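Report on the following structure.
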Amino acid sequence: MAAMNLVLGVVVVLLSLLSIRGYSKEHSRPAVVNIGAAFTFGTINGKVAKIAMNAAVEDVNSDPSFLGGSKLVLSTHDSNYSGFLGIIGGLQYMETDTVAIIGPQVSGMAHILSHLANELHVPMLSFTALDPSLSSLQYPYFVQTAPNDLFQMAAIADMISYFGYKEVVAIYTDDEQSRGTMIALGNKLAEKRCKISYKAVLSPEAFATDSEISNELVKVSLMESRVIIVHSYAVIGRKVFDLAHKLRMMEKGYVWIATAWLSTVLDSTPVSGEVAKSIQGVLTVRPHTADSKRKKAFISRWNKLSNGSIGLNPYGLYAYDTVWIIANAVKVFLDQGGTISFSNNSNLNGVGGGTLNLGALSTFDGGSQLLRNILQTNMTGLTGRIAFDSDKSVIRPAFDILNVVGKGYKQIGYWSNYSGLSVVSPEILYTKAPNRSSSNQQLDHVVWPGQTTVKPRGWVFPYNGRNLRIGVPNRVSYKDFVSKDESTNEIHGYCIDVFVAAVNLLSYAVPYEFILYGDGHKNPSYTELVRMMTSGVFDAVVGDIAIVTNRTKIVDFTQPYIESGLVVVAPVRKLNSSPWAFLRPFSPLMWAITAAFFLIIGVVIWILEHRINDEFRGPPKQQLVTILWFGFSTMFFAHRENTMSTLGRMVLILWLFVVLIITSSYTASLTSILTVQQLAPSIRGIDSLITSNDHIGFQVGSFAENYLIDELNIAKSRLIPLNSPEEYADALRRGRVAAVVDERPYVDVFLSKYCMSQVVGREFTKSGWGFYPLEVNLFKFVEEFCTYR
């Protein structure tokens, strides 16, 4: 009994200790958890974010059990368009036991405050400071809760490529965020073999004037490219379009693409008639947020939350979700037994003087754990699924593609990092395998500036520009294709005629000049021509340019305007006549078989006839002569003996038919031998040429040399360079080369002058000749020419 009482006593004590421990643990949670937000609340995103963040805090605190009795408190700081005030606000939060900061709004301040966050272990979360460089390892405590500008620029680059444009003009403000974004745009365009041809840089928001913007727009209007990308804040962006409209730059022929700032304006502010006129036909992007019941419920609450003062845009949804990301991370942190405590930073002891008290800045002891919890977030918010990848970027970034029409816009598609451009929502595409093929990229029809649905060309010949520089190979052979008239200095030839005919079909003038490439002593290297185009020496090349694989990897070709391919040209030898030429139609074996059959026929007829036919009787010698005579006389149908037996007549009829065939064949063959000079090549085709050890000629500057070495594994020592048709003929006649390998058009010209050679074997490559259009879209030239032809 005493033992039982002892056990009960121990149990009671243990239960008491556990209850006390639980009581202590629950009450170790802080009464409030402080978070801060630093924004310019006079901006569109600032106004929307403030309303959304306050709503999120209210929703978090509406369930006291969510944080175990702790209350989330949001403090806001208005930087009032000042970077300095924004930094001051961030410093104030870091000395007031703040566990996380939402903001800042712009990347310039984010770069500075992120260094403080790294030192004091205070996570910073922003959905508007989206400079791609802020996601680097240099700023571990800075987290972007919306898709950063790298993905937005990828979406714009995909749009540029989809519409077939090669060059763009970028208008942007000269601040840290825009500079980083333009670097990202340049890189993404380069991946699509496009580029920024001109950058119109404007002063930051506080300093940009109408005069400065107008001057830059005038410069842009004189440029070649008509594809213009505007990346700025809403205030400057609206000025750009207003002034562009006044300068008649919102008419047909222009392509305007605005970054996400324009979609926030359209979603959150009323658009007047004048503003609508200035942005008609503009394309813009908007962060994509998945449809859900929670999102629809929040949208229905918005008018009440905002009192109708401003419309909701996606950044308001991201602001709401950002508060919940922090709240969930704090909940996990507290559930893990973490305590919210701050300690003095030893690195700041003694730093500062006077009224600058940097020692008041304290380090959040649980900052690293809270950051891990934030990055491990896996929840569903108003924007859809919320999670981060290993680069701290939100997963599955996506954008809506919008086209401004009237006072609103129409959505023409989506962009996702998963499958590129599509008219199907990303949520549906996520259930399928990713497909980034060009055939799978789709957008709906666009209404372009000038109220047209016809896609603008995207470029013009600049008013102050130079002529189109057309590189032309300075050939020393086969001048029928490209040559220079020494008396007039004009360039002419078949290839030039094709180019001129194509240009004449266009409805607009194309100023150009031909520039010869080569020293005039030997044919130039066309591979070197390609390199000169990529370095900007020529805008295009016109000539006998073969479309081969290694060139298509560097430049884009027009449609081929002539078929081509490599063939083998070999010399032919003359077969001399002789007195015994009449024996050539048949081989010796054929002659022997024919003679045997004549003898056999004589014997067979004798056997069938000598019993009943007196003409086949007589002494043995006479019968032998009759057999020989009858058999061979049938060759000329001159036999005198009559056949009396039915079987003998049938055999004779069949044999005479065979004799007719034999004599006809013999006569035709002998006639050919005696009347036509027979020619026979020593090489039968590319296969016999490869297996031989003979030398092979090729045209200087042709791709045939590399093809024979790289593709057919022919030793370079076997290849002999030849400059002209005359050298071809001489080398083949003297035996310096066993054959020449060249393209079919050259061979046709060569054989029209030199008939002692011929093409042997099959054409063993298939290609064509085209032009290189890099700087200007010359594809249309040849396409229209081929259509009319």
Side-chain angles (χ1 to χ4, degrees), residues 473-483 518-529 543-551 562-576 677-769:
N474 188 12
R475 297 193 58 88
V476 298
S477 62
Y478 295 110
K479 294 189 174 183
D480 295 335
F481 298 107
V482 177
S483 65
D519 57 12
H521 301 294
K522 63 179 181 180
N523 293 330
S525 169
Y526 287 8
T527 301
E528 188 62 27
L529 263 180
D544 46 341
I545 316 296
I547 303 173
V548 293
T549 302
N550 63 334
R551 294 172 184 171
I562 190 173
E563 292 184 355
S564 180
L566 293 179
V567 293
V568 177
V569 180
V572 294
R573 54 185 176 87
K574 182 178 180 181
L575 297 178
N576 296 323
Q677 181 174 282
Q678 180 67 29
L679 302 177
S682 58
I683 299 295
R684 297 294 179 181
I686 187 62
D687 295 329
S688 62
L689 193 60
I690 293 173
T691 56
S692 71
N693 292 319
D694 297 327
H695 287 93
I696 305 170
F698 68 91
Q699 183 183 173
V700 173
S702 169
F703 77 95
E705 179 184 12
N706 291 334
Y707 185 86
L708 294 173
I709 296 173
D710 299 335
E711 301 297 331
L712 301 184
N713 298 318
I714 295 175
K716 188 174 182 179
S717 58
R718 292 178 56 193
L719 303 182
I720 305 297
L722 302 172
N723 274 311
S724 65
E726 292 76 18
E727 289 191 21
Y728 283 20
D730 184 70
L732 291 171
R733 180 173 57 84
R734 295 177 179 273
R736 288 178 55 209
V737 296
V740 172
V741 174
D742 206 349
E743 296 177 68
R744 188 79 197 210
Y746 301 126
V747 170
D748 290 341
V749 174
F750 170 72
L751 294 180
S752 68
K753 299 178 180 178
Y754 300 94
C755 58
M756 292 305 295
S757 300
Q758 68 180 35
V759 175
V760 294
R762 55 185 172 81
E763 189 174 292
F764 57 93
T765 66
K766 286 290 184 182
S767 62
W769 289 357

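FYI, side chains are in, hydrogens and waters are out, and symmetry mates aren't considered; it's all heavy atoms of this structure. Since we're looking at a predicted model, the values are computed, not measured.
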statement: Between the CG atom in Leu712 and the CD1 atom in Ile686, the distance rounded to the nearest 0.5 Å is 5.5 Å
- prompt: Are there more than 12 heavy atoms of other residues, nucleotides or ligands under 6.0 Å from atom CD of Glu726?
  reply: yes
query: Is there side-chain contact between Ser477 and Gln699, with at least one heavy-atom pair below 4.5 Å?
result: yes
query: Taking side chain as C-beta onward, heavy atoms only, is Val476 less than 4.5 Å from Ser724?
result: no
field: Point-to-point distance, once rounded to the nearest 0.5 Å, from OG of Ser564 to CG of Asp748
entry: 9.5 Å
task: For the pair Val740 and Leu732, evaluate side chain to side chain contact (heavy atoms under 4.5 Å, CB included) and give the outcome as yes or no after the intermediate values.
output: CA-CA 8 Å; Val740 172; Leu732 291 171; 4.1 Å; yes
field: Distance, nearest 0.5 Å, that separates OH of Tyr746 from CZ of Arg475
entry: 4.0 Å
Sub-4.5 Å side-chain heavy-atom contact between Pro745 and Ile562: yes
- prompt: Do Leu751 and Val569 touch side chain to side chain, with heavy atoms closer than 4.5 Å?
  reply: yes
task: Can you tell me which residue pairs pass the ring pair (Phe, Tyr, Trp, His ring centres under 6.0 Å) test with a partner in residues 695-727, sequence neighbours excluded?
output: none
task: Step through the shown structure and confirm whether more than 12 heavy atoms of other residues, nucleotides or ligands are within 6.0 Å of CZ on Arg736.
output: no
- prompt: When you look at Arg744 and Glu763, which way does the side chain to side chain contact (heavy atoms under 4.5 Å, CB included) test go after all the steps?
  reply: CA-CA 8 Å; Arg744 188 79 197 210; Glu763 189 174 292; 3.7 Å; yes
- prompt: How many angstroms lie between CG in Leu566 and CZ in Phe764, if you round to the nearest 0.5 Å?
  reply: 4.5 Å
query: What closest approach, in Å, do Val700 and Pro721 show between heavy atoms, and which atom pair accounts for it?
result: CG2-CB, 3.8 Å
- prompt: What residue among Ile690, Val737, Ile696, Ile709 forms side-chain contact (heavy atoms from CB on, under 4.5 Å) with Arg718?
  reply: Ile696
task: Could you walk me through whether Asp742 and Leu722 pass side chain to side chain contact (heavy atoms under 4.5 Å, CB included), step by step?
output: CA-CA 11 Å; Asp742 206 349; Leu722 302 172; over 6 Å; no
task: Answer yes or no: is there a side-chain heavy-atom contact under 4.5 Å between Asp730 and Arg734?
output: yes
message: I need the minimum non-hydrogen distance between Leu689 and Val568, along with the two atoms involved.
response: CD2-CG1, 4.1 Å
task: Check for a donor-acceptor pair, side chain of Thr765 on one end and backbone N or O of Gly565 on the other, with a separation under 3.5 Å.
output: no
message: Please find the pair of heavy atoms, one from Pro473 and one from Val482, that lie closest to each other, and give the distance.
response: O-CG1, 3.5 Å
task: Give a yes-or-no answer on whether the side chains of Tyr526 and Asp544 include a donor-acceptor pair shorter than 3.5 Å.
output: yes
